[in-house]
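Everything below concerns the one structure shown next.
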Amino acid sequence: MEKYLIKFKEDESKYVQIAKHIKRLIDKGKILNEEKLPPIRNFAKALEVNNVTIVNAYKKLQDEGYARQKMGSGTYAKKKENTLSFKREYSHTFKRLNSKTMKEIIDFAGETASSSYFPVEDFKKVLNDVIDRDGAEALTYQEALGNEGLRNIIYESFWDENIDFNDILIVSGAQQGIDIVSKALVNINDDVIVEKPTYGGALSVFNGRRANIYEIPMEKDGIDLWELEKILMKNNVKVLYTMSYFQNPTGGTYSLEKKLRILELAKIYDFYIVEDDYLSELIFDKDITYKSFKSLDKNDRVIYIKSFSKIFLPGIRIGYMISPRNFRESIQNCKVNTDIATSSLMQRALSLYIEEGFWKKHIDFLNKEYSERYNYMEQYLKEKFKDKVDFLSPGGGLNFFIHLNDSVRMDSTELFYRARDKKVLITPGVIFYKNFRDGLRYFRIGYSQTSIEKIKEGLDILYDLMEE
């Protein structure tokens with residue numbers, strides 16, 4: 001009890017002084033994370049104050065994220081976290097998992113298609129066909145810009161030859177694409193705009209380039225255009241990073257009107273749009289039509305990035321970029337300097353897989369499977385959680401972004417830790433914001449790694465935790 005004792009000043013409320021003192025002890029490590037704080041009566045007696053003073057001090061600590069209450073047990077210290085420290089803990093959670101422990105987990109944090117849906121037999125066939133056709137060349141021959149066959153199938157099948165073939169560059173997934181663009185276009189102190197919230201990997205890349213990052217709030221149909229234009233008028237913006245379909249994490253999809261206006265602003269204010277085409281294959285709502293920023297781009301202002309890993313198989317690590325002519329050479333040079341070439345065998349196999357119609361068949365299958373899970377999770381959230389959360393129904397993709405109502409006393413990081421103890425994994429909103437506190441009332445849950453039975457079981461666990 002001795003470390004908790006303080007001498008009170010006359011000019012400040014006692015409960016505030018008590019809370020500040022405990023915060024200092026936690027920050028200095030003299031009170032450890034999850035250490036139980038003194039019982040209210042004992043603490044009040046030791047400080048010669050009434051019980052309400054201690055109650056108010058503990059309440060202030062909880063509100064500021066320095067303590068949490070366990071029903072029937074008491075109040076426990078909670079080390080103040082920031083985005084970086086929490087990301088480390090979040091990452092360690094998944095590093096500690098293996099194939100055995102994953103079977104015991106209800107994984108709402110996954111953001112790729114389930115490996116159980118991977119068409120092993122179809123892909124094995126095209127792998128064998130490629131090796132029979134190309135022999136050792138399939139394993140050894142490297143093309144810095146990507147396999148010509150895959151680039152050609154992308155050019156014909158996905159773009160109907162409406163782009164310049166020479167602008168297509170094969171990359172090792174969307175993350176590498178963002179990194180290459182950043183190296184080619186963004187210098188120290190350049191101004192970059194991102195959505196708020198946004199993909200944490202993009203934030204890390206732009207932070208690594210020491211850019212000035214401006215966040216613009218996401219609305220249901222894209223970023224707030226009023227806020228966008230205010231920033232554009234005051235700053236020399238180089239790049240706007242956006243996810244046009246089922247934005248990660250909010251699930252928002254840009255309206256045609258907003259796309260056209262942003263393209264117009266890109267020309268007026270001389271900036272480039274980095275379009276991360278995220279999960280646009282999984283559209284469940286018939287009112288949503290597919291039309292990318294790139295397909296509407298008449299002024300060569302869009303750098304388009306597409307990953308095959310999210311809905312195909314993360315292990316193959318293949319995606320592609322379409323560059324504006326102005327930056328084609330610098331972007332291609334950055335790719336070559338990064339890793340020379342992406343796996344030749346996998347590129348050839350993917351090319352043949354698309355050419356023989358397996359890709360379309362697989363996407364049709366995923367739409368059927370995931371739309372059932374989407375509809376179930378959406379309905380269950382609306383019915384059971386109606387007094388506890390708000391959320392946008394995205395109409396596709398693999399996730400829901402949940403806002404905790406005031407009736408839920410814990411924040412999303414505490415929900416993460418408590419759910420993890422119950423073998424349920426979620427993604428707290430703090431991962432997606434520059435400012436840690438902005439994401440405390442949000443979390444993302446997905447259904448790509450769970451059956452409908454597991455969705456119900458996991459949601460019931462989250463509901464019980466919120467009830468506490």
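For the numbers below, each heavy atom of this structure counts, side chains included, while hydrogens, waters and symmetry mates do not.
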Begin with the C-alpha distance, continue with both residues' side-chain angles, and end with the deciding distance and a verdict on side-chain hydrogen bond (donor to acceptor under 3.5 Å, both in side chains) for Thr93 and Arg420.
-> CA-CA 9 Å; Thr93 296; Arg420 187 179 65 178; 2.8 Å; yes
Would you mind writing out the side-chain donor-acceptor pairs for residues 389-407 within the sub-3.5 Å range, not counting sequence neighbours?
| from | atom 1 | to | atom 2 | distance (Å) |
| --- | --- | --- | --- | --- |
| Ser393 | OG | Glu378 | OE2 | 2.7 |
| Ser407 | OG | Asp387 | O | 3.0 |

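- Taking a cutoff of 4.0 Å between a charged side-chain nitrogen and a carboxylate oxygen, Arg96 and Glu89 qualify as a salt bridge.
- A salt bridge is defined here as a Lys NZ or Arg NE, NH1 or NH2 lying under 4.0 Å from an Asp or Glu carboxylate O, and Asp364 with Lys368 fails to meet this definition.
- Taking every heavy atom of both residues into account, Ile180 and Cys334 meet most closely at CG2-CB, 3.8 Å.
- Between Ser448 and Tyr370, the closest heavy-atom pair is O-OH, 3.2 Å.
- We find the CZ-CG distance between Phe246 and Leu282 to be 7.5 Å, quoted to the nearest 0.5 Å.
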Evaluation steps, ring-ring contact (aromatic ring centres under 6.0 Å, His included), between Tyr245 and Tyr278 = CA-CA 6 Å; Tyr245 282 83; Tyr278 179 74; over 10 Å; no
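- Salt bridge status for Lys258 with Asp221: present, with a side-chain N to carboxylate O gap under 4.0 Å.
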Apply salt bridge (Lys or Arg N to Asp or Glu O under 4.0 Å) to the pair Glu414 and Arg418, showing each step before the final yes or no.
-> CA-CA 6 Å; Glu414 187 172 346; Arg418 292 197 188 189; 2.6 Å; yes
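- Salt bridge annotation for Lys234-Glu229: absent, with no cationic side-chain nitrogen under 4.0 angstrom from a carboxylate oxygen.
- Contact check for Lys87 versus Phe436: no side-chain heavy atoms found under the 4.5 Å cut-off.
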Please test Lys60 against Asp63 for salt bridge (Lys or Arg N to Asp or Glu O under 4.0 Å), starting from the C-alpha separation and ending with a verdict.
-> CA-CA 5 Å; Lys60 183 174 176 60; Asp63 290 343; over 6 Å; no
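- Between Trp159 and Tyr304, the distance separating the two ring centers is shorter than 6.0 angstrom.
- A salt bridge is defined here as a Lys NZ or Arg NE, NH1 or NH2 lying under 4.0 Å from an Asp or Glu carboxylate O, and Glu275 with Lys306 fails to meet this definition.
- Phe271 has its side chain out of reach of Val239: every pair of non-hydrogen atoms, C-beta onward, lies at least 4.5 Å apart.
- Contact check on Asp122 versus Lys361 returns a salt bridge, with a Lys/Arg side-chain nitrogen under 4.0 Å from an Asp/Glu carboxylate oxygen.
- Using a cut-off of 4.0 Å between Lys/Arg side-chain N and Asp/Glu carboxylate O, Glu264 and Lys259 are scored as not salt-bridged.
- The environment of CD in Glu329 is sparse: at most 12 heavy-atom neighbours from other residues, nucleotides or ligands sit within 6.0 Å.
- Salt-bridge annotation for Arg328 and Asp164: present, with a side-chain N of the basic residue lying under 4.0 Å from a carboxylate O of the acidic one.
- Nearest heavy-atom pair across Val171 and Tyr320 is CG2-N, 3.8 Å.
- Taking every heavy atom of both residues into account, Glu356 and Val126 meet most closely at OE1-CG1, 4.4 Å.
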Apply side-chain hydrogen bond (donor to acceptor under 3.5 Å, both in side chains) to the pair Asn326 and Tyr272, showing each step before the final yes or no.
-> CA-CA 11 Å; Asn326 287 354; Tyr272 286 84; 3.2 Å; yes
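- Enclosure of atom CD in Gln69 by more than 12 non-hydrogen atoms of other residues, nucleotides or ligands within 6.0 angstrom is indicated.
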When you look at Asp191 and Asn236, which way does the side-chain hydrogen bond (donor to acceptor under 3.5 Å, both in side chains) test go after all the steps?
-> CA-CA 6 Å; Asp191 297 331; Asn236 185 24; over 6 Å; no
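- Contact check on Asp190 versus Arg210 returns no salt bridge, with no Lys/Arg side-chain nitrogen under 4.0 Å from an Asp/Glu carboxylate oxygen.
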For the pair Asn207 and Ser204, evaluate side-chain hydrogen bond (donor to acceptor under 3.5 Å, both in side chains) and give the outcome as yes or no after the intermediate values.
-> CA-CA 5 Å; Asn207 276 321; Ser204 297; 5.8 Å; no
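- Between Phe416 and Phe443, the distance from one ring center to the other does not fall under 6.0 angstrom.
- Side chains of Ile311 and Leu279 form a contact here, defined as non-hydrogen atoms less than 4.5 Å apart.
- The aromatic ring centres of Tyr66 and Tyr58 sit 6.0 Å or more apart.
- A distance of 7.0 Å separates CD of Glu195 from OG1 of Thr250, quoted to the nearest 0.5 Å.
- Checked against the 6.0 Å centroid criterion, the rings of Tyr447 and Tyr376 do not qualify as a close aromatic pair.
- Using a 4.0 Å cut-off between a side-chain N of Lys or Arg and a carboxylate O of Asp or Glu, Glu215 and Lys434 do not qualify as a salt bridge.
- Nearest approach of Tyr199 to Phe432, heavy atoms of both residues: CA-CD2, 4.4 Å.
- Between Lys294 and Asp297 there is a salt bridge, since a side-chain N of the basic residue sits under 4.0 Å from a carboxylate O of the acidic one.
- With salt bridges taken as basic N to acidic carboxylate O contacts below 4.0 Å, none links Lys423 and Asp107.
- Looking at Glu111 and Arg444, a side-chain N of the basic residue comes within less than 4.0 Å of a carboxylate O on the acidic one, giving a salt bridge.
- Residue Ser412 comes nearest to Ile426 through the heavy atom pair O-CD1, 4.2 Å, listed as atom of the first residue, atom of the second, then distance.
- Residues Asp224 and Leu228 fail the side-chain proximity criterion, which asks for heavy atoms closer than 4.5 Å.
- A cation-pi geometry, defined here as NZ or CZ lying under 6.0 Å from the six-membered ring centre and within 45° of its normal, does not hold between Lys456 and Tyr380.
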